[in-house]
There are 2 protein chains.
Amino acid sequence: MVTIKDISERCGVSRATVSKALNGHTDIGAETIAQIRRVAKEMGYLPNATARTLKLGRSHNIGVLFVDKTGSGLKHEYFSSILDSLKVEAERRGYDITFISKDIGEFSMDYYEHTKYRNCDGVVIASVDFSDPAVIRLIASEIPTVTLDFVYDNRTSVLSDNIGGPSALVHYVYEMGHRRIAFIHGEDTSVTQKRLISFHKTCASLGIRVPEGYVRPAIYHDPKSSGIATRELLALPDRPTCILYPDDFSFIGGMNELERHGISIPNDMSVAGYDGILLSQVLRPRLTTYRQDAEAMGREAAARLVEAIEQPKTCLPQQIMISGQLLKGDTVKDIND
Amino acid sequence: MVTIKDISERCGVSRATVSKALNGHTDIGAETIAQIRRVAKEMGYLPNATARTLKLGRSHNIGVLFVDKTGSGLKHEYFSSILDSLKVEAERRGYDITFISKDIGEFSMDYYEHTKYRNCDGVVIASVDFSDPAVIRLIASEIPTVTLDFVYDNRTSVLSDNIGGPSALVHYVYEMGHRRIAFIHGEDTSVTQKRLISFHKTCASLGIRVPEGYVRPAIYHDPKSSGIATRELLALPDRPTCILYPDDFSFIGGMNELERHGISIPNDMSVAGYDGILLSQVLRPRLTTYRQDAEAMGREAAARLVEAIEQPKTCLPQQIMISGQLLKGDTVKDIND
DNA sequence: TCAGGTAACGAAATCGTTTAAGCCCGTTTG
DNA sequence: CAAACGGGCTTAAACGATTTCGTTACCTGA
């Protein structure tokens, strides 16, 4: 491994001079700089991030916390998209990405300790159980954090528009003539609560009555539970004309159930999903859904975190709302007389 | 930040003693150890991975290279599953995971340089363009690497059974009476080549003739291209009775195309996918497919890499084959008279 | 009683890099 | 002409941890 020391010996200058030359300090002669840079390239010198981190207290490494109950949240395209754009933006700004976990090896640590242990400059937190005290400890710590779809006190967060999404969907199906709209929602989280409230509020504002039994629980990303909810909806005396699913993938369960009953989409039943993942756009009929801009969320999270790291003084915590987009597919029938 | 020095002062011993006590050396008195450990806990001491890495030359951090042309390979469930289990196993063995990229910040490096820069102890390489010289440079370097679904010289690799998969599928549909079997394959990679050869070889061994035009190219994970290939197959004078798709997700494109032609699965056409992702198991009819054991692949990759890192002397490079499993769904009809 | 053994701990170097402070010397300025 | 200045470098300490040798002090056996 070629180090600054090797270069300094080769060039007949001190290590300090080499360091400064390589880092663009102005108190080194132009030709000395040129020579040092040339020799460095010749010898194949690479800076050592570890030594730098130790000395400077900055690692240029950010941690990500992406764990849900079912292992990592990575299997959900929404989260893997976020991670992807987060990674791209972070790298563009000179930061690497490391996963943060509990219990590394036989050493048991919590998230906060792990982050300190690895000297991460900051952390992005998504897809976790925000009721976990270990998560809260990290968010509430002195370490810069950005949370996704969760607001904690006065910390920076990036939020999908969980109010606008359901609202847009309800407004759209309303325009298409639907008045009997059912809503299948995911597990009880703050995201779900927001969507649920938005659904009810929008319905109320449009003068739509939501009958008992039209709002049913299921589990995100679980077609089976959405299938069951669908079956229950179909058994109601006054069937809905439109069903909103908790997410695109869960819709598959509903799709199967409807097919089993010989109910055609959208002729006999209108449906819409949520997320706008790739799948929703390749299904036929194309699924009407609300696309969350995962790419923007990841990018924004990285950008805000790096900002918080690099300008701790001037950087105010903020909640950033990333709006999504209604994708009008072919699964909502226009039933206006 | 509380360091070993702080503890040493508090306990009235030297830093060396603290370090040894914390690391379980035997040349420290039992009660001294007890006291040091107690004080360390009291003061909230955390080891500093950076300092340790610098001193020991071992980071307990492994890099992952998961990039395909379309951004990261993360959007494909096969790869995100691998990454997930890789992460779990690595963490269990005391290693963290960092993404390796080109061009970190304005500093441009290749993969090898990035790995050295971050002092990663080893790298897992998957889902990349193996014809990229930068990838080859990394694989061929002195850094321990494990490649997935790619064999390079005498390096360790973990391989999905790309011979057994197509073979199992062909045998199965053969048993179900099919003799006119079409095969849509992905882009030209070593994986594709193996599957293609396996398809042809298995057909030959079963005495199945593969007519001109029954083998068609498409793109992995791209329903559109598989849809086109499907349309072409349907236009043939002697239509196949069964179509094998490059992967489960691509099958969606075929499904749409078949539906458009009013062709019912499996009554009018039998189909099978590849991968065994979640989607394939929630579709109705359930997709017949060959499940790649992504979980085992990630786990094995981590295990082998850590072994190579920790026992460089006794650890031989090896190719590990992870076999998958035929999932008999409901999309292949038994057409035996 | 004394050589030799051992248990318990410390001094100091080291990993690769950065940086505050200082030094030397030629040039400018009052 | 002396003092002040500044460009260009160097010295040395520091970041936090580990480890190789010592160095004690105490014990044991002959």
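We name chains A, B, ... by the order of the sequence lines, and we start the count at 1 in each one.
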**Message:** Using OP1 and OP2 only, check whether a side-chain N or O of B/R52 sits under 4.0 Å from D/dT18.
**Reply:** yes

**Prompt:** How many angstroms lie between CZ in B/R92 and OG in A/S101, if you round to the nearest 0.5 Å?
**Reply:** 13.0 Å

**Message:** Under 4.0 Å, counting only non-hydrogen atoms across every strand here, what does A/K5 touch: a base, just sugar-phosphate, or nothing?
**Reply:** nothing

**Message:** Do the side chains of B/K116 and B/E142 get close enough for a salt bridge, i.e. N-O under 4.0 angstrom?
**Reply:** yes

**Prompt:** Does A/T26 or B/P47 map to a spot on DNA chain D nearer the 5' end, using the closest nucleotide for each?
**Reply:** A/T26

**Request:** Take the protein atom CZ of A/R15 and the nucleotide atom P of D/dA13, then report the distance between them rounded to whole Å.
**Result:** 12 Å

**Prompt:** Any donor-acceptor pair under 3.5 Å linking the side chain of B/N48 with the backbone of B/T50?
**Reply:** yes

**Request:** Would you indicate what A/T3 reaches in the nucleic acid, counting non-hydrogen atoms under 4.0 angstrom: base, sugar-phosphate, or nothing?
**Result:** sugar-phosphate

**Prompt:** What distance separates A/D149 CG from A/S190 OG, expressed to the nearest 0.5 Å?
**Reply:** 7.5 Å

**Fill in**
B/A51 has its side chain closest, among D/dT11, D/dA17, D/dC9, to D/dA17

**Value in whole Å for how far the P atom of D/dG16 lies from CD1 of B/I7** = 12 Å

**Prompt:** Do any side-chain nitrogens or oxygens of A/T32 fall under 4.0 Å of OP1 or OP2 in D/dC9?
**Reply:** yes

**Prompt:** Under 4.0 Å between a side-chain N or O of B/Y45 and OP1 or OP2 of D/dA17?
**Reply:** yes

**Request:** Answer yes or no: is there an ion pair linking B/E113 with B/R137, defined by an N-O contact shorter than 4.0 Å?
**Result:** yes

**Request:** Could you state the atom-to-atom distance from CD of B/E9 to C1' of D/dG16 in whole Å?
**Result:** 13 Å

**Request:** For the residue pair A/S8 and A/S14, confirm or rule out a side-chain donor-acceptor distance under 3.5 Å.
**Result:** no

**Request:** Could you tell me whether A/I33 contacts a base, only the sugar-phosphate backbone, or nothing, with contacts defined as non-hydrogen atoms closer than 4.0 Å?
**Result:** nothing

**Request:** Among D/dA17, D/dA14, D/dT11, find the nucleotide with the atom closest to the side chain of A/K55.
**Result:** D/dA14

**Of the listed nucleotides D/dA17, D/dC9, D/dT19, the one nearest the side chain of B/H25** = D/dT19

**Asked** Can you tell me if the side-chain N/O atoms of B/N48 get under 4.0 Å from OP1 or OP2 in D/dC15?
**Response** no

**Asked** Between A/D27 (CG) and D/dC5 (C1'), how many Å, whole number?
**Response** 16 Å

**Message:** What is the first contacted nucleotide of DNA chain C and what is the last, in 5' to 3' order, if contact means an atom lying under 4.0 angstrom from a heavy atom of chain B?
**Reply:** C/dA8 to C/dG16

**Rounded distance (Å) that lies between atom P of D/dT20 and atom CG of B/L56** = 11 Å

**Asked** Looking at CG of A/L86 and CE of A/M297, how far apart are the two atoms once the value is rounded to the nearest 0.5 Å?
**Response** 11.0 Å

